[in-house]
Undergrad: 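Questions regarding the structure given below will be posed in turn.
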2 protein chains.
Amino acid sequence: MLQIDLDRSSPVPLYFQVAQVFEKAIMDGVLKPGERFENELALADRLNLSRPTTRRAIQELVDKGLLVRKRGVGTQVVQAPVHRPVELTSLYDDLARAGQEPATRVLDYAVGPVADDVAAQLNLAAGTEVVTVRRLRFSGGQPLALMTNHLPVNLAPEREELERSGLYQALRSRGVHIRLARQRIGAKSADRDEAKLLDEKPKAPLLVMERTAFDDSGRAVEYGSHVYRASRYYFDTTLVDR
Amino acid sequence: MLQIDLDRSSPVPLYFQVAQVFEKAIMDGVLKPGERFENELALADRLNLSRPTTRRAIQELVDKGLLVRKRGVGTQVVQAPVHRPVELTSLYDDLARAGQEPATRVLDYAVGPVADDVAAQLNLAAGTEVVTVRRLRFSGGQPLALMTNHLPVNLAPEREELERSGLYQALRSRGVHIRLARQRIGAKSADRDEAKLLDEKPKAPLLVMERTAFDDSGRAVEYGSHVYRASRYYFDTTLVDR
DNA sequence: AAGTGGTCTAGACCACGCA
DNA sequence: GCGTGGTCTAGACCACTTA
């Protein structure tokens with residue numbers, strides 16, 4: 001039986017505190033794959049929490065793909081080695097967290113009227129001025145990705161800022177909080193330019209991601225079209241049927 | 001102001017009925033991108049629903065990436081043309097829904113001891129017997145994907161079943177309900193075999209998806225490694241930061 | 001100060017799966 | 001029938017944003 005200490009004076013929500021303890025327990029193998037999970041009522045009673053609060057904590061873990069519930073039966077830990085789920089972060093954050101020492105070279109930084117396809121993605125009027133940036137991202141000293149981004153001029157970070165930090169971090173420091181992103185993931189062959197920059201052979205396979213990001217007022221803030229070396233990158237996702 | 005009729009005798013949850021009406025309104029453009037959304041209290045009052053129920057309906061749409069909320073400010077419709085989000089379905093379902101008349105050719109169907117990497121994914125003991133299936137999926141008369149799946153023998157559908165329907169559908173009819181999948185998406189070049197089967201040139205770019213699927217008791221049910229023609233397929237995903 | 005969303009409670013009734 | 005999760009109510013207090 002897992003010991004859980006709650007801090008009711010903390011600003012961290014109770015359901016989140018509970019979820020975190022269980023998440024760690026599952027990740028650390030304290031709760032074993034396939035094991036029966038404490039039922040909602042008993043857990044609520046044990047923690048002196050209301051059932052909805054307890055339920056929400058459990059639901060967090062179901063949404064993360066760590067638990068599975070079956071009506072009339074119970075809740076169980078999913079049987080699998082877990083990887084980190086995809087989150088709404090930039091590649092820079094991903095790499096920094098993995099200790100990969102990312103570095104960025106800004107190849108181009110231009111201001112000009114928006115292209116039609118980009119205007120559609122960003123929901124901008126034709127002819128609006130946007131900043132277009134092309135960056136080469138390295139990790140472990142090797143090129144990893146070629147990234148092209150388009151942003152409204154009033155939001156775009158300076159060129160120097162983009163060398164130092166990730167795009168999303170730069171936007172955050174300007175008070176822009178990315179809350180939502182729609183992505184399309186595909187594949188293509190490297191053209192000569194891409195191959196040269198990424199240190200691959202022409203026609204090498206590349207992973208393509210196009211992304212439109214929205215801030216917390218629902219405004220389209222950024223459209224990016226990125227190519228990754230297939231030999232060095234992939235995306236993990238977890239899908240839950242509710 | 002959107003007219004909403006609720007059926008309290010329906011087995012469909014109230015929060016779901018509400019969410020559906022608003023989802024349709026947003027998709028149809030009745031609620032316009034960027035528009036202010038009715039606040040929670042007022043909506044609950046108008047619909048004669050409790051606030052938690054109303055809140056849950058709204059939260060569904062936030063999770064789907066249609067609405068964005070900001071504390072102290074309000075709720076707004078996201079500014080963007082929406083695409084269909086990724087759901088937990090198989091390629092067969094996807095294509096059938098899109099009216100693409102999918103067809104399947106089963107290339108191989110073999111029973112044998114599990115390979116080590118597959119055993120790890122499915123959480124099986126070394127040497128357990130599994131069914132390995134290789135299928136070629138067509139849409140619109142053209143090859144689209146080459147799919148390799150591994151399943152415990154007691155769960156595997158018959159060969160004939162796989163020609164007729166999708167894998168997940170066949171599993172459903174055996175009482176196996178897929179609830180969770182972990183996927184890894186990458187890219188590679190077609191080898192000679194793949195190129196021939198998919199009607200592409202050798203070294204053509206392919207989208208690779210590896211997936212482990214789990215049923216509603218958390219058991220690993222299926223591991224698949226699939227390659228798609230990059231010219232004909234991609235994945236859409238929506239990420240929400242909560 | 002007013003209005004918004006975020007969290008939490010203490011119950012209730014129902015639907016489902018299983019013994 | 002019993003235990004499980006799924007839904008729903010009618011409130012409460014708090015945190016944050018904007019005016």
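Protein chains get the first letters and strands the later ones, always in sequence-line order, with residue 1 at the start of each.
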Undergrad: Would you say that A/Arg184 contacts A/Met209 through its side chain, given a criterion of any heavy-atom pair below 4.5 Å between the two side chains?
TA: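 No, side chains not in contact.
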Undergrad: If only side-chain N and O atoms of A/Thr75 are considered, is one of them under 4.0 Å from the OP1 or OP2 phosphate oxygen of D/dT4?
TA: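 A/Thr75 to D/dT4 OP1/OP2: no side-chain N or O under 4.0 Å.
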Undergrad: In whole angstrom, what separates A/Phe16's CZ from C/dC8's C1'?
TA: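 It works out to 17 Å between those atoms.
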Undergrad: Has A/Arg179 got a side-chain atom pairing as donor or acceptor with B/Asp241's backbone, closer than 3.5 angstrom?
TA: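 It does hold such a pair.
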Undergrad: What is the separation between atom CG on A/Leu47 and atom C1' on C/dC8, rounded to the nearest whole Å?
TA: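 Atom CG in A/Leu47 sits about 14 Å away from atom C1' in C/dC8.
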Undergrad: Rounded to the nearest Å, what distance is computed from the CG atom of residue A/Asp216 to the P atom of nucleotide D/dC16?
TA: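 In whole Å, D/dC16 P lies 14 Å from A/Asp216 CG.
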Undergrad: Which whole-number value in Å describes the distance from A/Asp7 CG to C/dC8 P?
TA: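 Spelled out: CG on A/Asp7 to P on C/dC8 is 12 Å.
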Undergrad: State, without any angle test, whether A/Arg182 and A/Thr212 hold a side-chain donor-acceptor pair at a distance under 3.5 Å.
TA: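 Note: A/Arg182 and A/Thr212 side chains miss the donor-acceptor criterion.
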Undergrad: Side-chain donor-acceptor pair under 3.5 Å between B/Gln59 and B/Asp63, yes or no?
TA: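 B/Gln59 vs B/Asp63: donor-acceptor pair found between side chains.
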Undergrad: Starting from P on C/dG5, measure out to CD on B/Glu40 and report it in whole angstrom.
TA: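 Interatomic distance, CD of B/Glu40 to P of C/dG5: 6 Å.
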Undergrad: Output the rounded distance in Å from CD (B/Gln59) to C1' (D/dG6).
TA: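 Answer to the nearest Å: 17 Å.
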Undergrad: For nucleotides 10-19 of chain C, read 5' to 3', which letter fits each nucleotide if B means a protein heavy atom sits under 4.0 Å from the base, S means only the sugar-phosphate is that close, and - means neither?
TA: B-B--BBS--
Undergrad: Do B/Ile178 and B/Val221 have side chains that get closer than 4.5 Å, going by heavy atoms?
TA: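 SC-SC contact between B/Ile178 and B/Val221 confirmed.
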Undergrad: Side-chain N or O of B/Arg69 versus OP1/OP2 of C/dG6: is the shortest distance under 4.0 Å?
TA: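 The answer is yes; a side-chain N or O of B/Arg69 sits under 4.0 Å from OP1 or OP2.
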Undergrad: In this structure, how many angstroms lie between the P atom of D/dT4 and the CG atom of A/Leu67, rounded?
TA: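 Between P of D/dT4 and CG of A/Leu67: 16 Å.
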Undergrad: With distance as the sole criterion, is a donor-acceptor pair present between the side chains of B/Tyr223 and B/Glu210 under 3.5 Å?
TA: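 Yes, because at least one side-chain N or O of B/Tyr223 sits under 3.5 Å from a partner of the opposite role on B/Glu210.
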Undergrad: Please identify each residue that fulfils side chain to side chain donor-acceptor pair (under 3.5 Å) with A/Arg135, with sequence neighbours left out.
TA: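 A/Asn149.
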Undergrad: What is the distance, to the nearest angstrom, from the CZ atom on A/Arg56 to the P atom on C/dT9?
TA: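 After rounding, the gap between these two atoms is 13 Å.
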Undergrad: Once you apply a heavy-atom cut-off of 4.0 Å, does B/Leu41 come out as touching a base, just sugar-phosphate, or nothing?
TA: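 B/Leu41: no heavy atom of the nucleic acid under 4.0 Å.
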Undergrad: Judged by each residue's nearest nucleotide on DNA chain C, which is more toward the 5′ side, B/Arg36 or A/Tyr15?
TA: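 Residue closer to the 5' terminus by nearest nucleotide: B/Arg36.
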Undergrad: When we call it a touch if two heavy atoms are under 4.0 Å apart, what does B/Arg55 touch: a base, just sugar-phosphate, or nothing?
TA: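 Base, at least one base atom sits under 4.0 Å.
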